[in-house]
Amino acid sequence: MKIDLVTIFPGILEGPFRESMIKRAVDRGLVEINLVDLRDYTRDRHRQVDDTPYGGGYGMILKPEPIYEAVEDLKSKSGSGTARVILLTPQGRRFNQDAARELSQEKHLIMICGRYEGVDERVRSTLVDDEISIGDYVLTGGELAAAVVVDAVVRLLPGFIAEEAAANESFSESLLEHPHYTRPPVFRGMEVPSVLQSGNHAEIDRWRRMQSVKRTYERRPDLLEKARLLPDEKAYLEKIEKQQDK
Ligand code: JFB
């Protein structure tokens with residue numbers, strides 16, 4: 001997969017992709033990530049990327065010409081127009097794990113990171129395939145949102161994580177995770193549950209699944225609606241629901 005990020009602040013995106021797991025994916029050749037400076041596609045002496053809004057009002061708007069030239073150039077380097085052009089914007093459809101899975105199937109993503117009050121409407125309406133928002137809060141620009149999307153997409157690429165971890169995730173993905181513990185067995189008087197130290201893998205598996213159901217019920221009951229529970233999980237959920245009713 002190739003991912004081009006078009007931005008006026010490439011420095012914001014350098015850190016997230018040059019550390020840890022995403023860096024490893026780049027080094028192993030699972031993904032190529034290019035930071036594209038929008039100013040490199042300006043043609044005037046001042047390398048101007050923004051201008052004042054028609055009709056007046058507060059703030060600046062990203063001009064259409066440099067964005068068009070950048071995206072056309074990146075598309076031409078991709079071959080046969082298979083790139084998907086994504087605009088990060090508070091007005092986009094909400095990003096979630098289904099959207100990450102869908103994007104992970106693409107060969108080439110071009111992500112436009114806006115700033116100021118956003119981009120000229122003609123970019124949105126004729127250059128962009130997909131508008132994405134990462135959530136209902138206000139950021140100062142699209143770069144951090146793009147970093148979130150890239151992070152979620154790249155970890156789904158084939159070969160990124162061990163097959164076992166991926167399989168485990170796909171079964172339990174609509175539930176929250178069970179609690180995790182590591183050594184020491186007693187930390188400041190707080191003990192690791194004895195079942196986890198028992199070596200009984202059937203019991204451990206059952207304890208973890210019930211903890212997942214309980215946590216999801218307490219914190220994200222909305223997730224239980226689309227969860228496919230096993231018979232013993234369903235029975236456990238009914239038991240805790242009954243305890244609540246009392
Ligand atoms: C994305 C952005 C701005 C207009 C402009 C470009 N979930 C999200 N919140 N905010 C953004 C986002 C996503 N994805 C976001 C791109 C831009 C915000 N701004 C600033 C804020 C409010 N209204 C400019």
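Since this is a predicted model, take the numbers as computed values, not measurements. Ligands are counted one by one from 1 in listed order, and the atoms in each one are counted from 1 as well.
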Atoms in ligand 1 with a heavy atom of [X] nearer than 4.0 Å:
X: Y116; answer: 3 (C), 5 (C), 19 (N), 20 (C), 24 (C)
X: A145; answer: 13 (C), 14 (N)
X: G135; answer: 7 (N), 8 (C)
X: I134; answer: 7 (N), 13 (C), 14 (N)

Measure the spacing between CD of E241 and CG of D245 and express it to the nearest 0.5 Å.
7.5 Å
Does [X] pair with [Y] as a salt bridge, N-O distance under 4.0 Å?
X: D120; Y: R122; answer: yes
X: R209; Y: D205; answer: yes
X: R124; Y: E121; answer: yes
X: E143; Y: R115; answer: yes
X: E65; Y: R43; answer: no
X: K242; Y: E238; answer: no

What protein heavy atom is closest to [atom], reported as residue, atom name and distance in Å?
atom: atom 9 (N) of ligand 1; value: Y137 O, 2.7 Å
atom: atom 22 (C) of ligand 1; value: V138 CG1, 3.6 Å
atom: atom 10 (N) of ligand 1; value: L139 N, 3.2 Å
atom: atom 16 (C) of ligand 1; value: L88 O, 3.2 Å
atom: atom 2 (C) of ligand 1; value: G141 CA, 3.7 Å

Among A146, G114, G92, C113, closest by any non-hydrogen atom to atom 6 (C) of ligand 1
G114
Using a heavy-atom cut-off of under 4.0 Å, does the side chain or the backbone of [X] touch ligand 1, or both, or neither?
X: I132; answer: backbone
X: D136; answer: neither
X: S133; answer: both

Between [X] and ligand 1, does any nitrogen or oxygen pair lie at a separation below 3.5 Å?
X: R115; value: no
X: E117; value: no
X: P90; value: no

Below 4.5 Å, heavy atoms only, C-beta onward: do I134 and L139 meet side chain to side chain?
yes
Does a side-chain heavy-atom distance below 4.5 Å link R84 with E102?
yes
Within 6.0 Å of NE2 in H180, more than 12 heavy atoms from elsewhere:
yes
